[in-house]
There are 2 protein chains.
Amino acid sequence: MAHDHTLCPRFENAFNLLGKRWNGLIIRVLMNGPQRFKEISDLIPGMSDRMLAERFKELEAAGILIRRVYPETPVRIEYELTEKGHALEPIMDAVQTWAEKWVE
Amino acid sequence: MAHDHTLCPRFENAFNLLGKRWNGLIIRVLMNGPQRFKEISDLIPGMSDRMLAERFKELEAAGILIRRVYPETPVRIEYELTEKGHALEPIMDAVQTWAEKWVE
DNA sequence: GTTCGTGACTTACTTTTAGTTAGTCACTAA
DNA sequence: TTAGTGACTAACTAAAAGTAAGTCACGAAC
């Protein structure tokens, strides 16, 4: 057998996150700073609230974002990228660059 | 209503591709040059042949790769990135960099 | 003081997508 | 003649996503 350019397991793991529907868009939207549930929902056309709630839980568990509760009246809840989440910015930028050149 | 940082439709479109399971890994593997069905299949653990065949069709339709048939005996079929596909390299590199720093 | 609206979800149900197993077809080697 | 390989395809089941409606706490409007 020849040499195998086997996949890096960290790379695979990264694409388990990014390669899941909506995650890229959610992260992209949060790059503009913390936002509330409804704001994000409004910015991503086609995504249902159910999906957004589900993704938030996964992304929080993965350490990409945090959920902050401000106990005002009415209560305000914001979602914000962690350092790990912000570190995805170069990826988002690269996608944007590619998309501008090659999409449509 | 405040300003809306609405999503760029090209970006959205790009993530329709990258945000689909297996696509990132398939593209990553093809960055190392043209490869055959079975080689790619062997390099991506957990992905079935059915999925690979389906993804190839989609990625070919999206202009990311081409299917080349070499009429030898036995016939040899290779999948190769197009220019558009190769242009995804900075994204793959950015994912790799992020993964090395933040995954596991 | 009851309905109306908003924000952040949850539940129940349907459809779509993915995973699993087996099969096909054209060869070639034993 | 049988077994194996490469590149798929078909049939079926399981998991994920989509859709619609509901909940709960509140505050404002009629």
Side-chain angles (χ1 to χ4, degrees), chain A residues 1-2 4-5 7 12-13 15-27 29-30 33-62 64-81, chain B residues 1-2 4-5 7 12-13 15-27 29-30 33-62 64-81:
Chain A
M1 122 197 12
D4 65 332
H5 297 285
L7 273 169
E12 261 187 79
N13 189 311
F15 253 106
N16 271 342
L17 260 173
L18 296 171
K20 212 162 174 181
R21 195 164 186 198
W22 306 120
N23 279 352
L25 304 185
I26 293 169
I27 291 163
V29 162
L30 286 177
Q35 269 160 98
R36 308 180 64 169
F37 193 98
K38 191 165 186 307
E39 289 173 317
I40 300 166
S41 169
D42 287 347
L43 287 175
I44 304 180
M47 186 189 48
S48 69
D49 286 0
R50 197 181 82 72
M51 274 298 107
L52 186 53
E54 202 171 298
R55 287 298 183 265
F56 275 152
K57 281 182 202 145
E58 294 166 8
L59 290 170
E60 198 182 4
I64 303 293
L65 55 80
I66 33 170
R67 179 179 188 270
R68 288 196 189 287
V69 182
Y70 298 93
E72 310 165 351
T73 37
V75 72
R76 181 165 50 100
I77 290 162
E78 289 193 343
Y79 293 86
E80 186 180 351
L81 291 177
Chain B
M1 150 199 340
D4 65 332
H5 296 283
L7 273 170
E12 261 187 79
N13 188 312
F15 254 106
N16 272 341
L17 260 172
L18 295 171
K20 212 161 175 182
R21 197 165 185 199
W22 307 119
N23 279 351
L25 305 186
I26 293 168
I27 291 163
V29 162
L30 286 177
Q35 268 159 101
R36 307 179 65 167
F37 192 98
K38 190 162 186 307
E39 290 174 317
I40 301 167
S41 169
D42 288 348
L43 287 174
I44 305 180
M47 187 188 48
S48 68
D49 287 359
R50 196 181 83 70
M51 273 299 108
L52 186 53
E54 202 171 299
R55 286 300 184 265
F56 275 152
K57 281 183 202 147
E58 295 165 9
L59 291 170
E60 197 181 5
I64 303 292
L65 56 80
I66 32 168
R67 179 179 189 269
R68 289 196 190 288
V69 181
Y70 298 93
E72 308 165 354
T73 36
V75 71
R76 181 165 51 101
I77 291 161
E78 289 192 344
Y79 294 87
E80 186 179 351
L81 291 176

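Just so we're on the same page: letters track the sequence lines, and every chain starts at 1.
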Nearest 0.5 Å, what's the CD1-CD1 distance between Ile44(B) and Ile26(B)?
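These two atoms lie 5.0 Å from each other.
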CG on Asn16(A) to CG on Leu25(B), rounded to 0.5 Å:
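If we round to the nearest 0.5 Å, Leu25(B):CG and Asn16(A):CG are 7.5 Å apart.
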Report the distance from atom [atom1] of [X] to atom [atom2] of [N], rounded to the nearest whole Å.
| X | N | atom1 | atom2 | answer |
| --- | --- | --- | --- | --- |
| Ile26(B) | dA18(C) | CD1 | P | 11 Å |
| Glu78(A) | dA8(C) | CD | P | 9 Å |
| Leu52(A) | dA8(C) | CG | P | 10 Å |
| Ile44(B) | dG19(C) | CD1 | P | 12 Å |
| Arg21(B) | dG19(C) | CZ | C1' | 9 Å |
| Tyr79(A) | dG7(C) | OH | P | 14 Å |
| Lys20(B) | dT16(C) | NZ | P | 13 Å |
| Asp49(B) | dA18(C) | CG | C1' | 14 Å |

At less than 3.5 Å, do the side-chain atoms of Arg50(A) and the base atoms of dT10(C) form a donor-acceptor pair?
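Not at all, since no donor on one side and acceptor on the other fall under 3.5 Å apart.
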Lys/Arg N to Asp/Glu carboxylate O, Lys57(A) vs Glu60(A), below 4.0 Å:
no
State whether the side chain of Glu80(A) and the backbone N or O of Arg68(A) hold a donor-acceptor pair below 3.5 Å, judged by distance alone.
no
How about Gln35(B) and Leu30(B): do any of their side-chain heavy atoms sit closer than 4.5 Å?
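Side-chain contact under 4.5 Å: yes.
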Using the heavy-atom set of chain B and a strict 4.0 Å cut-off, write down the first and last nucleotide of DNA chain D that makes it in, 5' to 3'.
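Range of nucleotides within reach of chain B: dG6(D) to dA11(D).
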Ignoring hydrogens, what is the shortest heavy-atom contact between Ser41(A) and Asp49(A)? Give both atom names and the distance.
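Looking at all heavy atoms of both residues, the closest pair is OG-OD1, 3.1 Å.
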OP1 or OP2 of dT10(C) sitting under 4.0 Å from any side-chain N/O of Lys57(A)?
yes
Of Met47(A) and Pro74(A), whose nearest nucleotide on DNA chain D comes first from the 5' end?
Met47(A)
Angle between ring planes, Phe37(B) versus Phe56(B), binned at 30° and 60°: parallel, tilted or perpendicular?
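Ring orientation of Phe37(B) relative to Phe56(B): perpendicular.
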